[in-house]
Amino acid sequence: MKELIILTVISGLAFLVFLVTLILGFTKKNKKLKLTALLLFFAFIGLTAWTGFKFVSKTYNKVSETLRPRTGEEIYDALFDKRQSDCIKILNFQDQVVPKIDYAIWLHFETCPDELKRILSRHEFTTERLSTAKWDGKIPYGETLDWFNPATLGDTIIVYEYSTNDSKNIQTIWTNLDSSKVFVRDIFD
């Protein structure tokens, strides 16, 4: 930002010097001043073009960084804060890029029981044990993801669910009995 301000000030000064030199050249009818004014005008054009290039370049870099898709690790850290251990391995994910259009964040990872306890301590989750033999495995809007299948966690799974009072944020966590494999759906509307 500092560089753009400096370039803008220098460009403005070059333009002012150009105008003063041009006016003096016409009032004194001096060809050398007019030629100097012309050179100053080209310097002003060059500085302005360079300032514009720098501005567009910096803006493009900022916008492209902002619009870059998040990695699975970034999604995990955004959902559950910074991890306390290195036992997390992200297996699959799908980010919720545009709320209201993208239904939820979907995440599949391996973890250790202590990390899952830390995640579950963040909210008051309801807990339910389900037999996958009797469970139809349907998750609203989850059937479009081939890899999102909590039934692969074993014969019996534990489902944790948290919802805000207005149900604008719903977090569902499916895990196997030893808390080592986890599926997460986070709906934020």
For the residue pair Phe148 and Phe183, does the interplanar ring angle fall in the parallel (under 30°), tilted (30 to 60°) or perpendicular (over 60°) class?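 Correct class here is perpendicular.
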
Could you walk me through whether Thr164 and Tyr162 satisfy the side chain to side chain contact (heavy atoms under 4.5 Å, CB included) test, starting with their C-alpha distance in whole Å, then the side-chain angles of each, then the deciding distance to 0.1 Å, before giving a yes or no? CA-CA 7 Å; Thr164 56; Tyr162 163 77; 3.5 Å; yes

Partners of [X] by salt bridge (charged side-chain N to carboxylate O under 4.0 Å, His left out), sequence neighbours excluded?
{"X": "Asp95", "value": "Arg70"}
{"X": "Asp81", "value": "Arg122"}
{"X": "Lys58", "value": "Glu3"}

With sequence neighbours excluded, residues passing side-chain hydrogen bond (donor to acceptor under 3.5 Å, both in side chains) with Asn92: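 By the side-chain hydrogen bond (donor to acceptor under 3.5 Å, both in side chains) rule, Asn92 matches no residue at all.
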
Test side-chain hydrogen bond (donor to acceptor under 3.5 Å, both in side chains) applied to Asp186 - qualifying residues, sequence neighbours left out: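 Gln171.
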
Compare all side-chain heavy atoms of Trp106 with those of Trp147 and state whether any distance is below 4.5 angstrom.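 Trp106 vs Trp147: side chains touch.
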
Contacts under 3.5 angstrom, residues 9-32 side chains, donor-acceptor by atom type, not counting sequence neighbours:
residue: Ser11; atom: OG; partner: Leu7; partner atom: O; Å: 2.9
residue: Thr21; atom: OG1; partner: Val17; partner atom: O; Å: 2.7
residue: Thr27; atom: OG1; partner: Ile23; partner atom: O; Å: 3.0
residue: Thr27; atom: OG1; partner: Leu24; partner atom: O; Å: 3.1
residue: Asn30; atom: OD1; partner: Lys32; partner atom: N; Å: 2.9

Mind checking side-chain contact (heavy atoms from CB on, under 4.5 Å) for [X] and listing every partner two or more places apart, or none if nothing turns up?
{"X": "Thr127", "value": "Ile158, Tyr160"}
{"X": "Thr172", "value": "Val159, Glu161, Ile170, Trp174, Arg185"}
{"X": "Cys112", "value": "Ser85, Cys87, Glu115"}
{"X": "Val63", "value": "Thr59, Leu67"}

I'd like to know if the side chain of Thr132 and the backbone of Gly154 have a donor-acceptor N/O pair within less than 3.5 Å.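 Confirmed, Thr132 side chain pairs with Gly154 backbone.
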
Please list all pairs meeting disulfide bond (SG atoms under 2.5 Å apart) that have one or both residues in residues 43-78, counting only residues at least two apart or in different chains.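 Sorted pair list comes back empty.
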
Separation between CZ of Phe80 and CD1 of Ile119, rounded to the nearest 0.5 Å: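 CD1 of Ile119 is found 4.5 Å from CZ of Phe80.
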
For residues 43-55, which side-chain N or O atoms pair as donor and acceptor with protein atoms under 3.5 Å away, sequence neighbours left out?
residue: Thr48; atom: OG1; partner: Phe44; partner atom: O; Å: 2.8
residue: Thr51; atom: OG1; partner: Leu47; partner atom: O; Å: 2.8

